[in-house]
Enquirer: 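The following block contains the structure, expressed as C-alpha coordinates.
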Amino acid sequence: MASGVKPRVKVPKTAAAGEAITIKTLISHKMESGQRKDKEGNVIPRSIINRFTCEFNGESVIDVTLEPAISTNPYIEFDATVPEAGEFKFTWYDDDGDVYDTAKKVAIG
Amino acid sequence: MNFTRRETLALGVGAAALTVLPFRVHAAADEAIAAFTGGAEVGEGGIELTAPEIAENGNTVPIGVSAPGAVAITVLATGNPTPGVVTFNFGAGAASQAASTRIRLAGTQDVVAIAKMADGSFVQAASTIKVTIGGCGG
(Lines give C-alpha, C1' and ligand atoms only; values in the text may rest on other atoms or scores of the structure.)
Protein backbone atom coordinates (compact mmCIF):
# COMPACT_ATOMS: atom_id res chain seq x y z
CA MET A 1 0.00 0.00 0.00
CA ALA A 2 2.11 2.74 -1.31
CA SER A 3 -0.66 5.18 -2.13
CA GLY A 4 -2.39 7.44 0.33
CA VAL A 5 0.15 7.00 3.08
CA LYS A 6 0.74 10.36 4.68
CA PRO A 7 2.82 10.73 7.84
CA ARG A 8 1.90 13.56 10.18
CA VAL A 9 4.04 14.62 13.13
CA LYS A 10 3.53 17.30 15.74
CA VAL A 11 6.74 18.64 17.29
CA PRO A 12 7.21 22.06 18.91
CA LYS A 13 9.32 24.38 16.74
CA THR A 14 11.43 25.57 19.65
CA ALA A 15 12.38 24.11 23.00
CA ALA A 16 14.64 24.99 25.91
CA ALA A 17 17.89 23.01 26.05
CA GLY A 18 17.30 19.79 27.95
CA GLU A 19 13.55 20.24 27.88
CA ALA A 20 11.25 17.24 27.58
CA ILE A 21 8.79 17.63 24.74
CA THR A 22 5.81 15.54 23.74
CA ILE A 23 5.76 14.27 20.19
CA LYS A 24 2.58 13.08 18.50
CA THR A 25 2.76 11.05 15.32
CA LEU A 26 0.09 9.71 13.03
CA ILE A 27 0.34 7.99 9.69
CA SER A 28 -2.61 7.25 7.44
CA HIS A 29 -2.59 3.52 6.81
CA LYS A 30 -5.39 0.95 6.67
CA MET A 31 -3.53 -1.52 8.95
CA GLU A 32 -5.27 -4.58 7.49
CA SER A 33 -5.05 -7.12 10.31
CA GLY A 34 -5.20 -10.33 8.29
CA GLN A 35 -8.20 -11.46 10.38
CA ARG A 36 -10.96 -9.95 8.29
CA LYS A 37 -12.75 -11.67 5.40
CA ASP A 38 -14.18 -10.17 2.22
CA LYS A 39 -17.69 -10.84 0.86
CA GLU A 40 -16.63 -14.18 -0.67
CA GLY A 41 -15.21 -15.35 2.62
CA ASN A 42 -11.58 -15.06 1.59
CA VAL A 43 -9.19 -13.76 4.19
CA ILE A 44 -7.92 -10.29 3.32
CA PRO A 45 -4.11 -10.55 3.55
CA ARG A 46 -2.32 -8.73 6.33
CA SER A 47 -0.86 -5.34 5.44
CA ILE A 48 0.34 -3.24 8.33
CA ILE A 49 3.10 -0.96 9.43
CA ASN A 50 5.23 -3.22 11.58
CA ARG A 51 7.85 -0.83 12.93
CA PHE A 52 8.20 2.82 13.80
CA THR A 53 11.37 4.57 14.93
CA CYS A 54 12.23 8.06 16.04
CA GLU A 55 15.78 9.42 16.19
CA PHE A 56 17.17 12.75 17.31
CA ASN A 57 20.50 13.67 15.68
CA GLY A 58 21.13 9.97 15.09
CA GLU A 59 20.34 8.94 18.66
CA SER A 60 17.42 6.58 19.21
CA VAL A 61 14.42 8.02 21.04
CA ILE A 62 11.93 5.22 20.59
CA ASP A 63 11.65 2.06 18.53
CA VAL A 64 8.16 0.61 18.37
CA THR A 65 7.11 -2.81 17.13
CA LEU A 66 3.54 -2.71 15.88
CA GLU A 67 1.26 -5.75 15.65
CA PRO A 68 -2.04 -6.16 13.78
CA ALA A 69 -3.87 -5.08 16.95
CA ILE A 70 -2.89 -1.45 16.33
CA SER A 71 -5.75 0.64 15.00
CA THR A 72 -6.10 2.04 11.50
CA ASN A 73 -3.99 5.18 11.04
CA PRO A 74 -1.53 4.28 13.81
CA TYR A 75 -1.10 7.04 16.36
CA ILE A 76 1.86 7.10 18.72
CA GLU A 77 2.60 9.66 21.39
CA PHE A 78 5.81 9.81 23.45
CA ASP A 79 8.23 12.18 25.18
CA ALA A 80 11.70 13.14 24.00
CA THR A 81 14.51 15.20 25.46
CA VAL A 82 16.00 18.02 23.38
CA PRO A 83 19.62 18.47 24.55
CA GLU A 84 20.54 20.74 21.61
CA ALA A 85 19.14 22.09 18.38
CA GLY A 86 18.71 19.39 15.83
CA GLU A 87 16.40 17.26 13.83
CA PHE A 88 13.97 14.51 14.71
CA LYS A 89 13.78 11.77 12.12
CA PHE A 90 10.68 9.57 11.99
CA THR A 91 10.55 6.34 10.02
CA TRP A 92 7.72 3.90 9.42
CA TYR A 93 8.29 0.42 7.95
CA ASP A 94 5.50 -1.20 5.93
CA ASP A 95 4.90 -4.97 5.57
CA ASP A 96 5.33 -4.64 1.80
CA GLY A 97 8.85 -3.26 2.23
CA ASP A 98 7.99 0.39 1.80
CA VAL A 99 9.59 2.89 4.16
CA TYR A 100 7.99 6.23 4.90
CA ASP A 101 9.92 8.94 6.64
CA THR A 102 9.67 12.55 7.67
CA ALA A 103 11.82 14.92 9.70
CA LYS A 104 11.21 17.91 11.95
CA LYS A 105 13.75 20.51 13.04
CA VAL A 106 13.79 21.85 16.58
CA ALA A 107 15.53 25.08 17.50
CA ILE A 108 16.68 26.12 20.96
CA GLY A 109 14.90 29.25 22.07
CA MET B 1 -14.10 -40.16 47.81
CA ASN B 2 -12.51 -39.63 51.16
CA PHE B 3 -10.04 -36.83 51.65
CA THR B 4 -7.49 -36.85 54.41
CA ARG B 5 -7.22 -33.70 56.44
CA ARG B 6 -4.00 -32.82 54.61
CA GLU B 7 -5.56 -33.16 51.15
CA THR B 8 -8.58 -31.09 52.14
CA LEU B 9 -6.32 -28.33 53.38
CA ALA B 10 -4.29 -28.40 50.16
CA LEU B 11 -7.49 -28.17 48.09
CA GLY B 12 -8.66 -25.23 50.13
CA VAL B 13 -5.37 -23.40 49.69
CA GLY B 14 -5.40 -24.11 45.96
CA ALA B 15 -8.94 -22.82 45.54
CA ALA B 16 -8.12 -19.70 47.53
CA ALA B 17 -5.05 -19.04 45.38
CA LEU B 18 -7.15 -19.34 42.23
CA THR B 19 -9.69 -16.78 43.36
CA VAL B 20 -7.02 -14.42 44.68
CA LEU B 21 -5.13 -14.33 41.36
CA PRO B 22 -5.76 -10.82 40.04
CA PHE B 23 -6.42 -11.80 36.45
CA ARG B 24 -6.72 -14.78 34.19
CA VAL B 25 -4.39 -14.93 31.26
CA HIS B 26 -5.03 -17.12 28.25
CA ALA B 27 -2.55 -19.72 27.04
CA ALA B 28 -1.50 -17.79 23.93
CA ALA B 29 -0.91 -14.69 26.04
CA ASP B 30 1.11 -16.79 28.49
CA GLU B 31 3.38 -17.79 25.63
CA ALA B 32 3.71 -14.19 24.50
CA ILE B 33 4.62 -13.14 28.04
CA ALA B 34 7.21 -15.92 28.25
CA ALA B 35 8.65 -14.84 24.89
CA PHE B 36 9.11 -11.30 26.19
CA THR B 37 10.35 -12.11 29.67
CA GLY B 38 12.28 -15.27 28.82
CA GLY B 39 10.45 -17.04 31.64
CA ALA B 40 11.66 -14.60 34.30
CA GLU B 41 9.53 -13.76 37.31
CA VAL B 42 7.18 -10.81 36.72
CA GLY B 43 6.59 -8.48 39.64
CA GLU B 44 3.98 -5.83 40.34
CA GLY B 45 4.20 -2.08 40.68
CA GLY B 46 6.34 0.52 38.94
CA ILE B 47 4.26 0.41 35.78
CA GLU B 48 1.05 2.15 34.95
CA LEU B 49 -1.44 1.18 32.26
CA THR B 50 -3.95 3.86 31.37
CA ALA B 51 -7.00 2.47 29.65
CA PRO B 52 -10.71 3.22 29.58
CA GLU B 53 -13.03 1.03 31.65
CA ILE B 54 -15.53 0.82 28.81
CA ALA B 55 -14.66 1.17 25.14
CA GLU B 56 -17.64 1.65 22.85
CA ASN B 57 -15.72 0.83 19.70
CA GLY B 58 -13.12 -1.93 19.82
CA ASN B 59 -11.48 -0.60 16.67
CA THR B 60 -9.80 2.31 18.43
CA VAL B 61 -9.19 2.01 22.13
CA PRO B 62 -6.78 4.65 23.45
CA ILE B 63 -4.24 3.24 25.89
CA GLY B 64 -1.15 4.61 27.56
CA VAL B 65 1.73 2.94 29.38
CA SER B 66 4.28 4.45 31.69
CA ALA B 67 7.10 2.74 33.56
CA PRO B 68 9.93 4.98 34.82
CA GLY B 69 13.27 3.25 34.37
CA ALA B 70 12.06 0.76 31.78
CA VAL B 71 13.98 -0.11 28.64
CA ALA B 72 11.01 -1.73 26.91
CA ILE B 73 7.28 -2.04 27.48
CA THR B 74 5.09 -4.57 25.71
CA VAL B 75 1.30 -4.58 25.65
CA LEU B 76 -0.75 -7.75 25.25
CA ALA B 77 -4.46 -8.18 24.63
CA THR B 78 -5.27 -11.57 26.15
CA GLY B 79 -8.58 -11.98 24.32
CA ASN B 80 -7.46 -11.08 20.80
CA PRO B 81 -6.83 -13.70 18.08
CA THR B 82 -3.15 -12.78 18.40
CA PRO B 83 -2.25 -11.40 21.82
CA GLY B 84 0.63 -9.14 20.78
CA VAL B 85 -0.31 -5.47 20.47
CA VAL B 86 2.75 -3.26 20.61
CA THR B 87 6.27 -3.09 22.01
CA PHE B 88 7.95 0.21 22.83
CA ASN B 89 11.77 0.18 23.06
CA PHE B 90 13.04 3.37 24.66
CA GLY B 91 16.31 4.89 23.53
CA ALA B 92 18.64 7.35 25.20
CA GLY B 93 16.72 10.31 23.78
CA ALA B 94 13.43 9.41 25.43
CA ALA B 95 12.45 11.92 28.12
CA SER B 96 10.19 9.49 29.94
CA GLN B 97 9.45 5.82 29.57
CA ALA B 98 5.88 6.49 28.56
CA ALA B 99 3.92 6.26 25.36
CA SER B 100 0.35 6.05 24.19
CA THR B 101 -1.38 4.68 21.14
CA ARG B 102 -4.70 3.32 19.91
CA ILE B 103 -5.38 -0.38 19.76
CA ARG B 104 -7.96 -2.88 18.49
CA LEU B 105 -9.74 -5.20 20.90
CA ALA B 106 -11.86 -8.16 19.76
CA GLY B 107 -14.09 -8.03 22.83
CA THR B 108 -14.22 -7.48 26.56
CA GLN B 109 -10.90 -8.69 27.94
CA ASP B 110 -7.86 -8.07 30.10
CA VAL B 111 -5.06 -5.97 28.65
CA VAL B 112 -1.64 -6.60 30.16
CA ALA B 113 1.39 -4.31 30.03
CA ILE B 114 4.82 -5.70 30.94
CA ALA B 115 7.89 -3.53 31.37
CA LYS B 116 11.48 -4.69 31.18
CA MET B 117 13.45 -2.60 33.65
CA ALA B 118 17.02 -1.42 33.19
CA ASP B 119 18.18 -3.97 35.81
CA GLY B 120 16.61 -6.85 33.86
CA SER B 121 13.60 -7.36 36.10
CA PHE B 122 10.04 -7.36 34.82
CA VAL B 123 6.89 -5.76 36.17
CA GLN B 124 3.36 -5.87 34.87
CA ALA B 125 0.02 -4.14 35.16
CA ALA B 126 -3.35 -5.27 33.89
CA SER B 127 -6.68 -3.67 33.23
CA THR B 128 -10.03 -5.08 32.17
CA ILE B 129 -11.63 -3.20 29.28
CA LYS B 130 -15.29 -3.71 28.43
CA VAL B 131 -15.82 -3.54 24.69
CA THR B 132 -19.28 -2.89 23.26
CA ILE B 133 -18.47 -3.52 19.58
CA GLY B 134 -15.47 -5.73 18.81
CA GLY B 135 -12.70 -4.52 16.54
CA CYS B 136 -11.85 -7.66 14.56
CA GLY B 137 -15.03 -7.82 12.47
CA GLY B 138 -15.25 -10.52 9.81
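Residue numbers begin at 1 in each chain, while the letters A, B, ... track the order of the sequences.
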Enquirer: Considering all heavy atoms of both residues, which atom of B/R104 and which atom of A/S33 are nearest to each other, and what is their separation?
Expert: NH1-CB, 3.7 Å
Enquirer: Test your reading of the model: is there a side-chain donor-acceptor pair from B/R102 to the backbone of A/I70, 3.5 Å cut-off?
Expert: no
Enquirer: Taking B/T101 for the side chain and A/Y75 for the main chain, is one N or O donor matched with an acceptor at less than 3.5 Å?
Expert: yes
Enquirer: Could you tell me which non-hydrogen atom of B/A99 sits nearest to which non-hydrogen atom of A/F78, and how far apart they are?
Expert: CB-CB, 4.3 Å
Enquirer: So for A/F56, is it side chain, backbone, both, or neither that comes closer than 4.5 Å to the heavy atoms of chain B?
Expert: neither
Enquirer: Would you kindly confirm whether B/V86 and A/L26 end up in one hydrophobic cluster when ILVMFWY residues are joined by side chain heavy atoms under 4.5 Å apart?
Expert: no
Enquirer: Is it the backbone or the side chain of A/T53 that comes under 4.5 Å from a heavy atom of chain B, or both, or neither?
Expert: neither
Enquirer: Of all the heavy-atom pairs spanning A/E59 and B/A92, show the shortest one and how long it is.
Expert: OE2-CB, 3.5 Å
Enquirer: Taking the side chain as C-beta and beyond, is there a heavy-atom pair between A/E67 and B/V75 under 4.5 Å?
Expert: no
Enquirer: What distance separates B/T87 OG1 from A/R51 CZ, expressed to the nearest 0.5 Å?
Expert: 12.0 Å
Enquirer: Please give me the minimum heavy-atom distance between B/F90 and A/I62, naming the atom from each residue.
Expert: CE2-CD1, 3.7 Å
Enquirer: Name the member of A/D38, A/D63, A/V64 that forms the most heavy-atom pairs with chain B at distances under 4.5 Å.
Expert: A/D63
Enquirer: Could you name the residues of residues 79-87 of chain A that have a heavy atom within less than 4.5 Å of a heavy atom in chain B?
Expert: A/D79, A/A80, A/T81
Enquirer: For A/V61 and B/A94, work out which heavy atoms get closest and say how close.
Expert: O-CB, 3.4 Å
Enquirer: Hey, is the main chain of A/S71 close enough, under 3.5 Å, to the side chain of B/T60 for a donor-acceptor pair?
Expert: no
